[in-house]
2 protein chains.
Amino acid sequence: MKQLRNTKQRQIVLETVLEHCDHPTADQIYFAVRKKDEKISRGTVYRNLNILSEEGEILHVKVPGVDRFDSRQDLHYHLLCSKCGKLTDLSDPYDPKFDHKIARESGYKISRHRLIFEGICPECQKKEKEQQ
Amino acid sequence: MKQLRNTKQRQIVLETVLEHCDHPTADQIYFAVRKKDEKISRGTVYRNLNILSEEGEILHVKVPGVDRFDSRQDLHYHLLCSKCGKLTDLSDPYDPKFDHKIARESGYKISRHRLIFEGICPECQKKEKEQQ
DNA sequence: ATGGGTGCAAAGTGTTTGCAAGTAT
DNA sequence: ATACTTGCAAACACTTTGCACCCAT
């Protein structure tokens with residue numbers, strides 16, 4: 001395993017993710033990072049997001065469309081608006097019993113599951129009605 | 001709504017998806033389609049995969065990494081090997097009760113949920129052991 | 001000093017799209 | 001005849017990577 005270093009760039013990326021509670025995409029983080037330091041490159045932001053999520057310091061949320069990042073470290077479920085793309089955390093607790101059950105039945109070494117609900121958020125529903 | 005046409009190309013794409021039971025990616029379908037007709041273009045295959053899944057004739061399976069397509073029309077859950085990328089159907093039935101619950105709690109108009117388990121398949125586990 | 005990290009630009013991957021010509025209805 | 005579809009290539013969106021230099025340890 002590599003010995004990770006604590007660079008200024010990595011600190012800024014982590015700090016920026018922690019400041020957001022709205023599941024930013026990598027590019028949104030890149031722009032927020034650039035406000036703090038004009039010099040940091042896209043490659044560095046992407047590299048550090050991958051490193052930080054591998055280290056478990058942030059969460060890499062893989063949803064249909066673009067991937068997001070999350071400052072929460074604990075596994076949880078998501079709700080995605082298929083109209084506006086808004087992503088929300090669900091309060092229902094992550095249930096590891098599912099993982100055990102599937103592991104037993106399939107022989108896989110299960111690391112986790114992802115549960116994503118898709119639908120139209122109240123705001124977009126309202127907009128749809130107004131258009132008609 | 002558009003009046004869809006029944007073109008030779010669309011038929012070949014649908015037929016090719018139905019022949020596969022291993023969740024092919026769009027590109028795998030493109031290559032299989034090309035074996036039947038040298039002329040069909042990538043754009044046409046992608047366009048038709050999107051149309052067919054919007055029509056509900058096939059399933060667009062959105063998993064981390066590359067999207068896949070499935071000849072099954074009914075919603076179901078998946079198991080993804082994070083080593084080799086193999087994607088398997090789970091036999092557990094899709095549970096619409098979850099959708100109703102989340103709809104009630106969130107105010108979203110829920111269309112579906114996606115549940116994907118991630119882990120290492122037995123074959124890849126064996127390979128990992130052999131390497132050590 | 002040394003090996004991980006950075007900025008930059010180029011390349012990669014998977015998918016969509018504009019357009020003129022073709023074709024199902 | 002109409003308007004949906006096609007093939008083609010270019011464009012797109014997002015992410016990774018090769019390289020020479022830099023800097024945390």
Side-chain angles (χ1 to χ4, degrees), chain A residues 1-17 20 23-55 57-70 80 82 84-85 87, chain B residues 1-17 20 23-55 57-70 80 82 84-85 87:
Chain A
M1 183 107 74
K2 269 191 182 183
Q3 179 55 46
L4 294 184
R5 284 183 190 173
N6 194 21
T7 62
K8 185 169 64 85
Q9 290 87 337
R10 184 163 300 153
Q11 280 172 26
I12 293 181
V13 170
L14 175 56
E15 176 192 309
T16 305
V17 174
H20 281 75
H23 306 84
T25 64
D27 243 48
Q28 289 170 337
I29 294 164
Y30 168 67
F31 285 116
V33 162
R34 287 290 284 224
K35 284 186 187 155
K36 302 182 183 180
D37 184 327
E38 285 283 332
K39 291 283 180 47
I40 298 181
S41 71
R42 228 186 211 89
T44 296
V45 172
Y46 277 85
R47 267 186 295 239
N48 278 314
L49 287 172
N50 286 335
I51 290 172
L52 289 168
S53 58
E54 277 163 26
E55 293 299 303
E57 302 211 49
I58 61 177
L59 220 53
H60 189 164
V61 184
K62 298 176 183 183
V63 291
V66 209
D67 288 1
R68 324 285 191 104
F69 292 86
D70 195 330
L80 176 67
S82 25
C84 67
L87 188 69
Chain B
M1 182 108 74
K2 270 192 182 181
Q3 180 55 47
L4 294 184
R5 284 181 191 172
N6 194 22
T7 62
K8 183 169 67 84
Q9 289 88 339
R10 185 162 300 153
Q11 280 172 26
I12 292 181
V13 170
L14 175 56
E15 176 192 309
T16 305
V17 174
H20 281 73
H23 306 84
T25 65
D27 244 47
Q28 289 171 336
I29 294 164
Y30 168 67
F31 285 116
V33 161
R34 287 291 285 226
K35 285 186 187 155
K36 302 182 182 179
D37 184 327
E38 286 282 331
K39 290 283 178 49
I40 298 182
S41 71
R42 227 186 211 90
T44 296
V45 171
Y46 276 85
R47 268 186 294 238
N48 279 315
L49 287 171
N50 285 334
I51 290 171
L52 289 167
S53 58
E54 277 163 24
E55 294 299 302
E57 303 212 49
I58 61 177
L59 221 52
H60 189 163
V61 183
K62 298 175 182 184
V63 292
V66 209
D67 288 1
R68 324 284 192 105
F69 292 86
D70 194 331
L80 176 68
S82 26
C84 67
L87 187 69

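Every chain is numbered from 1 and lettered A, B, ... according to where its sequence line falls, protein lines coming before strand lines.
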Original post:
If you find the nucleotide of DNA chain C closest to B:Arg5 and the one closest to B:Gly65, which residue's nucleotide is nearer the 5' end?
Top reply: B:Gly65
Original post:
Can you find a pair of side-chain heavy atoms, one from B:Leu87 and one from B:Val63, that are under 4.5 Å apart?
Top reply: yes
Original post:
Rounded to the nearest 0.5 Å, how far apart are NE2 of B:His23 and CD of B:Gln28?
Top reply: 11.5 Å
Original post:
What is the minimum heavy-atom distance between A:Val17 and A:Ile29, and which atoms define it?
Top reply: CG2-CD1, 3.8 Å
Original post:
Between the axis at one end of the helix from C:dA1-D:dT25 to C:dT25-D:dA1 and the axis at the other (five pairs apiece), what's the angle to 10 degrees?
Top reply: 40°
**OP:** Indicate for each nucleotide in nucleotides 8-19 of chain D, in 5' to 3' sequence, whether protein heavy atoms under 4.0 Å reach the base (B), only the sugar-phosphate (S), or nothing (-).
**Re:** B-----SBBBB-
Original post:
Any side-chain heavy atom of A:Asp37 sitting closer than 4.5 Å to one from A:Lys8?
Top reply: yes
Subject >> Contacts of type side chain to side chain donor-acceptor pair (under 3.5 Å), residue B:Lys39, not counting sequence neighbours >> reply: none
Original post:
Residues in ring-ring contact (aromatic ring centres under 6.0 Å, His included) with B:His60, at least two apart?
Top reply: B:Phe69
Original post:
Under a criterion of less than 4.0 angstrom to any heavy atom of chain B, what are the 5'-terminal and 3'-terminal contacting nucleotides of DNA chain C?
Top reply: C:dG14 to C:dT25
Original post:
So, do A:Val45 and A:Arg34 sit near enough that their side-chain heavy atoms are less than 4.5 Å apart?
Top reply: no
**OP:** Please figure out whether A:Asp37 or B:Thr7 has its closest DNA chain C nucleotide nearer the 5' end.
**Re:** A:Asp37
Original post:
From B:Asp27 CG over to B:Asp67 CG, what is the distance, rounded to the nearest 0.5 angstrom?
Top reply: 12.0 Å
Original post:
Roughly, in whole Å, what's the span from CD1 in A:Ile51 to P in D:dA24?
Top reply: 15 Å
Original post:
Is it true that a side-chain atom of A:Thr44 and a backbone atom of A:Ile40 form a donor plus acceptor pair closer than 3.5 Å?
Top reply: no
Original post:
Looking at residues at least two apart in the chain, or sitting in another chain, which of them share a side chain to side chain donor-acceptor pair (under 3.5 Å) with A:Arg47?
Top reply: none
